[in-house]
J.: 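The structure's right below; bear with me while I get my questions together.
Sequence positions, counted from 1, serve as the residue numbers for this chain. Not measured: the values here are computed from a predicted model.
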Amino acid sequence: LKMSVLRCHRLLSRIRCALYSVEPVVLNHNHISDAMCQQFQTDGYVVVPNVVPSHIIRTLHQRTANLFEGVFETGIFPDEWHWRKGISKEGAAREIVNAWKSDTIVGSVVLCPDLGAMAKKLMGWKTGVQLGQDDVVWKPPHCSGGVGFHQDSTYISDQFAVRDNNSITMWIALDDSTPAKGAVQYVVGSHLWKHDATKRVGGAHFHSGDPMHNVHVAAEYSNVDKQQITINTTEVTAGSLIFHHQDIWHGSAGNSTDEHRRALVAHYISSDVEFREEPQPDYIYGRYKLEPPNHQVVSTTFFPTVC
């Protein structure tokens, strides 16, 4: 569904007025060292500890609960809303996409310029940063639903031209994340494999029966010996960040504990991208593609400027 320019501006005004009323996010720090940049380039991901203050994390706990209750502060629905109280199973995994439109606190965090600057430094971008999308993800206690190994580039980077190195993911831990709770797992250095490897496994396969199937197929296609594959599980504390490259293979197991595992995720894109011509961008992205002559413009109405 293509959006009219008039409707774009009306929605932009409504969301911005709400976001401007919120105090700017003040981080504990926004330090990205040269060593972190080197690790990111080599391994495809890097952990940055203790960035988001505890009082913001506590507020995000409440806002996350509100969102899944259907309480949308701005009056605007998110783009996707998976898990409904009274309908979905209590132990099922939960996700909301583009909560920045629905909640000003979520919006103030994912649109924080200091966080965008950290992403920009890791990617080495010379241009600005826009928000591609956010995800609020929640694995409640004893949630069996894991996430199969995949590349974020399949559903984000591939929507745009130029495709390579145009996006980065920031994962904010809202709870301590441990292996038993389903911490994110990374195939170290797999962002350097052939970028179109996902096509060999038929798509993202988030919930593949064999958690390593996708990785093995991608490795073989990229001429990587399966015996050389290294998988790291990232154990982080609440308020810490994980940044990972668009092309790294990653996934996670279920939550076997009595505690929650929640996270707020932002997928940032370089501000110099344009929508791909053919095929048309997928859902979420394609629905915000404007009419000609602006059909390739990635409008800051729906993909707002971060820094």
J.: Can you check whether V187 reaches T230 side chain to side chain, under 4.5 Å on heavy atoms?
T.: no
J.: When you look at H150 and H250, which way does the side chain to side chain contact (heavy atoms under 4.5 Å, CB included) test go after all the steps?
T.: CA-CA 6 Å; H150 64 282; H250 62 288; 3.2 Å; yes
J.: Ignoring hydrogens, what is the shortest heavy-atom contact between N98 and G132? Give both atom names and the distance.
T.: OD1-O, 4.4 Å
J.: Is the closest basic N to carboxylate O distance between R63 and E73 below 4.0 Å?
T.: yes
J.: Is a salt bridge present between K126 and D272, judged by a nitrogen-to-oxygen distance below 4.0 Å?
T.: no
J.: Quick one: does K289's side chain get under 4.5 Å of N294's, heavy atoms only?
T.: no
J.: Parallel, tilted or perpendicular: which one describes the rings of W81 and F72, with boundaries at 30° and 60°?
T.: perpendicular
J.: Same cluster or not: L115 versus V236, using hydrophobic residues (I, L, V, M, F, W, Y) connected whenever any side-chain heavy atoms lie under 4.5 Å apart?
T.: no
J.: Just how far is it from atom OG1 of T169 to atom CD1 of I156, taken to the nearest 0.5 Å?
T.: 5.0 Å
J.: Please walk me through it: do D247 and K194 pass salt bridge (Lys or Arg N to Asp or Glu O under 4.0 Å)?
T.: CA-CA 9 Å; D247 290 319; K194 292 183 179 179; over 6 Å; no
J.: When rounded to the nearest 0.5 angstrom, what distance separates OH in Y45 from CZ in F243?
T.: 15.0 Å
J.: Check whether T300 reaches the backbone of T305 with its side chain - one donor and one acceptor, N or O, closer than 3.5 Å.
T.: no
J.: Give me the atom names and distance for the closest heavy-atom approach of N30 to L27.
T.: CB-CD1, 4.2 Å
J.: Side-chain contact, heavy-atom cut-off 4.5 Å: E235 with P179?
T.: yes
J.: Measure the CD-NZ distance between E259 and K139 for me, rounded to the nearest 0.5 Å.
T.: 14.5 Å
J.: Other residues, nucleotides and ligands only: do more than 12 of their heavy atoms fall within 6.0 Å of CD on E220?
T.: no
J.: Consider side-chain hydrogen bond (donor to acceptor under 3.5 Å, both in side chains). Of D152, N166, D164, N165, which one does S157 pass it with?
T.: N166
J.: With rounding to the nearest 0.5 Å, note down the distance linking CG in D103 to CD1 in I96.
T.: 9.5 Å
J.: Over 60° means perpendicular and under 30° means parallel, so tell me whether H267 and Y155 are parallel, tilted or perpendicular.
T.: perpendicular
J.: Taking T154 for the side chain and Q151 for the main chain, is one N or O donor matched with an acceptor at less than 3.5 Å?
T.: yes
J.: Could you check whether the rings of F68 and W138 sit parallel, tilted or perpendicular, using 30° and 60° as the cut-offs?
T.: perpendicular
J.: The test is side chain to side chain contact (heavy atoms under 4.5 Å, CB included); show your working for L174 and I172 and say whether it passes.
T.: CA-CA 6 Å; L174 302 185; I172 305 175; 4.2 Å; yes
J.: Show the numbers, then the answer: is there a side chain to side chain donor-acceptor pair (under 3.5 Å) between D258 and H142?
T.: CA-CA 7 Å; D258 295 329; H142 305 288; 2.5 Å; yes
J.: Hey, quick one: are L122 and Y186 part of the same hydrophobic cluster, counting side-chain heavy atoms closer than 4.5 Å, chains of contacts allowed?
T.: no
J.: Please name the pair of heavy atoms, one in W100 and one in L131, separated by the smallest distance, quoted to 0.1 Å.
T.: CD1-CD2, 3.5 Å
J.: Using a 3.5 Å distance criterion without hydrogens, assess whether the side chain of S240 forms a donor-acceptor pair with backbone atoms of T237.
T.: yes
J.: Under a 4.5 Å side-chain heavy-atom rule over Ile, Leu, Val, Met, Phe, Trp and Tyr, are I242 and V137 clustered together?
T.: yes
J.: Evaluate M123 against H245 for side chain to side chain contact (heavy atoms under 4.5 Å, CB included), listing each step before the verdict.
T.: CA-CA 8 Å; M123 289 298 289; H245 191 274; 4.1 Å; yes
J.: Would you check if R163 and D158 make a side-chain contact, meaning some heavy-atom pair closer than 4.5 Å?
T.: yes
J.: Is it possible for you to say whether W171 and V110 belong to one hydrophobic cluster, with membership spreading through side-chain heavy-atom contacts below 4.5 Å?
T.: no
J.: Side chain to side chain donor-acceptor pair (under 3.5 Å) for Y268 and D134? Distances and angles first, verdict last.
T.: CA-CA 9 Å; Y268 294 131; D134 68 44; over 6 Å; no
J.: When you measure from the side chain of S222 to the backbone of V224, do you find a donor-acceptor pair of N or O atoms at a distance under 3.5 Å?
T.: no
J.: Can you see whether R94 engages T64 through a side-chain donor-acceptor pair at a distance of less than 3.5 angstrom?
T.: no
J.: Between R58 and H61, is there a donor-acceptor pair closer than 3.5 Å when you use the side chain of the first and the backbone of the second?
T.: no
J.: Just wondering, do W193 and N223 contact through their side chains at under 4.5 Å, heavy atoms?
T.: no
J.: Run Y221 and D196 through side chain to side chain donor-acceptor pair (under 3.5 Å) and show every step you take.
T.: CA-CA 9 Å; Y221 176 61; D196 60 344; 2.9 Å; yes
J.: With a 3.5 Å cut-off and no angle check, do the side chains of S270 and T127 form a donor-acceptor pair?
T.: yes
J.: Can a donor-acceptor pair be found, under 3.5 Å and without considering hydrogens, that links the side chain of N214 to the backbone of F149?
T.: yes
J.: For C307 versus P113, what's the shortest heavy-atom pair and its separation?
T.: CB-O, 3.8 Å
J.: Are there over 12 heavy-atom neighbours, none belonging to D34, within less than 6.0 Å of that residue's CG?
T.: no
J.: If you measure from the Lys or Arg side-chain nitrogens to the Asp or Glu carboxylate oxygens, is any gap between R261 and D176 under 4.0 Å?
T.: no
J.: So, do I105 and L60 sit near enough that their side-chain heavy atoms are less than 4.5 Å apart?
T.: yes
J.: How far does NE2 of H195 sit from CD of Q246, to the nearest 0.5 angstrom?
T.: 7.0 Å
J.: Do you know the tightest heavy-atom contact between S252 and G182?
T.: CB-O, 3.5 Å
J.: Would V306 and V265 show up in the same hydrophobic cluster when neighbours are defined by side-chain heavy atoms closer than 4.5 Å?
T.: no
J.: How would you list, by chain and number, every residue that makes a salt bridge (charged side-chain N to carboxylate O under 4.0 Å, His left out) with R262, sequence neighbours excluded?
T.: D175
J.: Less than 4.5 Å apart, side chain to side chain, heavy atoms only: is that true for I32 and C37?
T.: yes
J.: We want to know whether Q130 and S271 form a side-chain donor-acceptor pair, criterion being a heavy-atom distance below 3.5 angstrom.
T.: no
J.: With a 3.5 Å cut-off and no angle check, do the side chains of Y285 and Q133 form a donor-acceptor pair?
T.: yes
J.: Taking the ring of F275 and the ring of F160, is the distance between their centroids below 6.0 Å?
T.: yes
J.: Hey, could you give me the CG/OG1 distance between L111 and T104, rounded to the nearest 0.5 Å?
T.: 11.0 Å
J.: Would you sort out whether V51 and N28 count as a side chain to side chain contact (heavy atoms under 4.5 Å, CB included), showing the intermediate values?
T.: CA-CA 5 Å; V51 174; N28 290 332; 5.7 Å; no
J.: With a 4.5 Å cut-off on side-chain heavy atoms, are Q185 and N232 touching?
T.: no
J.: Can you name the closest pair of heavy atoms from V52 and L241 and give their distance?
T.: CG2-CD2, 4.1 Å
J.: For the pair S190 (side chain) and W249 (backbone), establish whether a donor and an acceptor sit closer than 3.5 Å, ignoring hydrogens and angles.
T.: yes
